[in-house]
Amino acid sequence: MLDIRQLREDPEAIKTRLKARGGEAWILIDEILSCDEKRRAGETEKQQLQSDRNRISKEIGALRKEGKDASAIESRVREIGERIKAIGEEADTAEARQIELLLQVPNLPHADCPVGSDETANPVVREWGTKPTFAFETKDHVEIGARLGLFDFELATKISTGGFVTFTGAGARLERALIQFLLDLHTETHGYDEVSPPYIINRDCMFGTGQLPKFEDDMYGLENGAFFLAPTAEVPVTNLYRDQILKETDLPVKVTAYTPCFRREAGSAGRESRGLIRMHQFDKIELVNIVHPDESYAQLEKLTTEAEAVLQRLGLHYRTIELCTGDVGFSSAKTYDIEVWAPGHGAYLEVSSCSNFADYQARRMKLRFKDAAGNNRFCHTLNGSGTALPRLYVALLETYQQADGTVKVPEALVPYMKRETIG
RNA sequence: GGUUAGGUGGCUGAGUGGUCGAAAGCACUUCUUUGCUAAAGAAGCGUACCCGUGAGGGUACCCAGGGUUCGAAUCCCUGCCUGACCGCCA
């Protein structure tokens, strides 16, 4: 959520930055400001009346104690009470509208964010490793997995529906090995605390991190929208800190979690989604940071390298891109995507998205810290995938496939797989 | 799911219609003092919003939402949550 004070001060500057996203959100700004004015005028008047009522009510108490008649001023207070109610309702209506609109306005892209209208304008900021070459004809992960019996889409459809997968045998073990490997890496090397949150989470969480009110259709809702299957661990983990005032010395908070993620992926049919690439349920290790506002952009760089470390340890070629203003997510001010090379597909696959939300989520969820001067200030929140598993899985199978049809297990995973070859 | 007891400030815990934003203790901050790794004394110490250049002033908040009343932490209703016991269960 944007800061209403900043909005009052310079609405034109905010509109300009919103326009860089390409959406229509900037149109809402004028109505938000007029609601804000109505709200404040109503509140001021209401508070004056409340002050009058409090004073006169006390007089009634005093008169009664002395045994005197107070009926004259009682009716006056009753009148004030009615006006308070009427004015209060007007102010509440304006406030509700203001909040409703404000929740629909995305974050402002950071000033350095490259300007562009879509993903074709996203610059590559760095690459690591090179595309591997093969002396034999490469297969994609769907073929490799089928031959080695690692996963089965039809089995999943039988017990669920399309868009799900059942990992089997060594394939299931590989999934588990990756979870273990990634959690160990982030907790032991990068200093994260591990949590394991509920996967069914309430509606407030969704507003806190910005999925609601705009993206309800992307998620699996339960109990008439009172609860949702978590679309990413970002939501439960960041919301652990909702409505909190942290000590400055608590910062930075670094928390990692493994969770399955559930997404409807409505409207993505027909896009690149072969095999494991786009699932309704997928596993992900998430990295969440809560930091001092002065440090969030430096922390974003660090967080991104922590996610990149995953691919380096597994020896997978990747590139890191920065999202332009037209492609950066709703709540984010600045985002890097990490894309791993999948030789069988001949394409880069997004395995991580690392974002700085600045104070946007913190303001929505009232996540603050008390600074040295005793002021409560909003924290900055960040998160990054560290990483999503299915596409990592794809890249592993396709990168480490061998001429005989087996797959070599990368050294870092051998202790977890307890074997050097799959198949 | 049933029965029952509760939900008050960072924590513990008073407070059953007006002078309660709320006693007291603990914790915390600053100062004073003695001195040494502790003790004593004093003051301060919730959140949000509104008005004001400012100093400052005001309003709301005692789980949430309604209601009764001139006036609600206090009475009534609903919901949520927590504990205990019972049922059920991995």
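Everything quoted here is computed from the prediction, not taken from an experiment. Letters go in sequence order (proteins before strands), and every chain restarts at 1.
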Could you tell me how far [M] sits from [N] if I compare only their [atom1] atoms? Round to whole Å.
| N | M | atom1 | answer |
| --- | --- | --- | --- |
| G57(B) | G44(B) | P | 15 Å |
| G17(B) | C76(B) | P | 12 Å |
| G21(B) | G46(B) | C1' | 9 Å |
| G25(B) | A43(B) | P | 12 Å |
| C61(B) | A90(B) | P | 48 Å |
| C81(B) | C63(B) | C1' | 8 Å |
| C85(B) | G10(B) | P | 30 Å |
| G1(B) | G18(B) | P | 39 Å |

Between Glu175(A) and Tyr393(A), a side-chain donor and acceptor under 3.5 Å: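 Short answer, no.
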Ser296(A) and His380(A): side chain donor to acceptor below 3.5 Å: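 His380(A) and Ser296(A) do have a side-chain donor-acceptor pair below 3.5 Å.
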Let's test this: given Watson-Crick or G-U wobble pairing with both distances under 3.5 Å, identify the partner of [N].
| N | result |
| --- | --- |
| U32(B) | A40(B) |
| G56(B) | C51(B) |
| G17(B) | none |
| A73(B) | none |
| A27(B) | none |
| G46(B) | C61(B) |
| A5(B) | U82(B) |
| A22(B) | none |

Protein proximity profile, nucleotides 57-83 of chain B - base contact B, sugar-phosphate-only contact S, no contact -, cut-off 4.0 Å on heavy atoms: -BBS---------BS------------
Parallel, tilted or perpendicular, as decided by the 30° and 60° cut-offs, for the rings of Phe164(A) and His280(A): tilted
Parallel, tilted or perpendicular: rings of Tyr192(A) and His190(A) (30°, 60°): perpendicular
Would you mind reading off the distance between [X] atom [atom1] and [N] atom [atom2], rounded to a whole angstrom?
| X | N | atom1 | atom2 | answer |
| --- | --- | --- | --- | --- |
| Asn376(A) | C45(B) | CG | P | 15 Å |
| Lys247(A) | C11(B) | NZ | P | 12 Å |
| Arg40(A) | A48(B) | CZ | P | 18 Å |
| Arg364(A) | A48(B) | CZ | C1' | 19 Å |
| Phe378(A) | U47(B) | CZ | P | 13 Å |
| Lys58(A) | G21(B) | NZ | C1' | 11 Å |
| Leu102(A) | C49(B) | CG | P | 13 Å |
| Phe369(A) | U47(B) | CZ | P | 14 Å |

Sugar-phosphate only, base, or nothing, as touched by Arg368(A) at under 4.0 Å among non-hydrogen atoms: sugar-phosphate
Touch class at under 4.0 angstrom, heavy-atom based, for Lys370(A) against every strand present: sugar-phosphate
Salt bridge flag under 4.0 Å for residues Arg64(A) and Glu74(A):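 So Arg64(A) pairs with Glu74(A) through a salt bridge.
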Carboxylate-amine/guanidinium contact Glu322(A) Lys334(A), below 4.0 Å: yes
For residues 2-13 of chain A, please give each side-chain donor-acceptor pair under 3.5 Å, one per line with the distance, not counting sequence neighbours.
unit_1   : atom_1 : unit_2   : atom_2 : d
Asp3(A)  : OD1    : Arg5(A)  : N      : 3.0
Arg8(A)  : NE     : Asp36(A) : OD2    : 2.5
Arg8(A)  : NH2    : Asp36(A) : OD1    : 3.3
Arg8(A)  : NH2    : Asp36(A) : OD2    : 3.3
Asp10(A) : OD1    : Ala13(A) : N      : 3.4
Glu12(A) : OE2    : Lys15(A) : NZ     : 3.2

Qualifying ring pair (Phe, Tyr, Trp, His ring centres under 6.0 Å) pairs with a residue from residues 89-116 of chain A, counting only residues at least two apart or across chains: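 Pairs touching residues 89-116 of chain A that pass the test: His110(A)-Tyr297(A).
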Test of ring centre spacing under 6.0 Å for His292(A) and Phe369(A):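 Yes.
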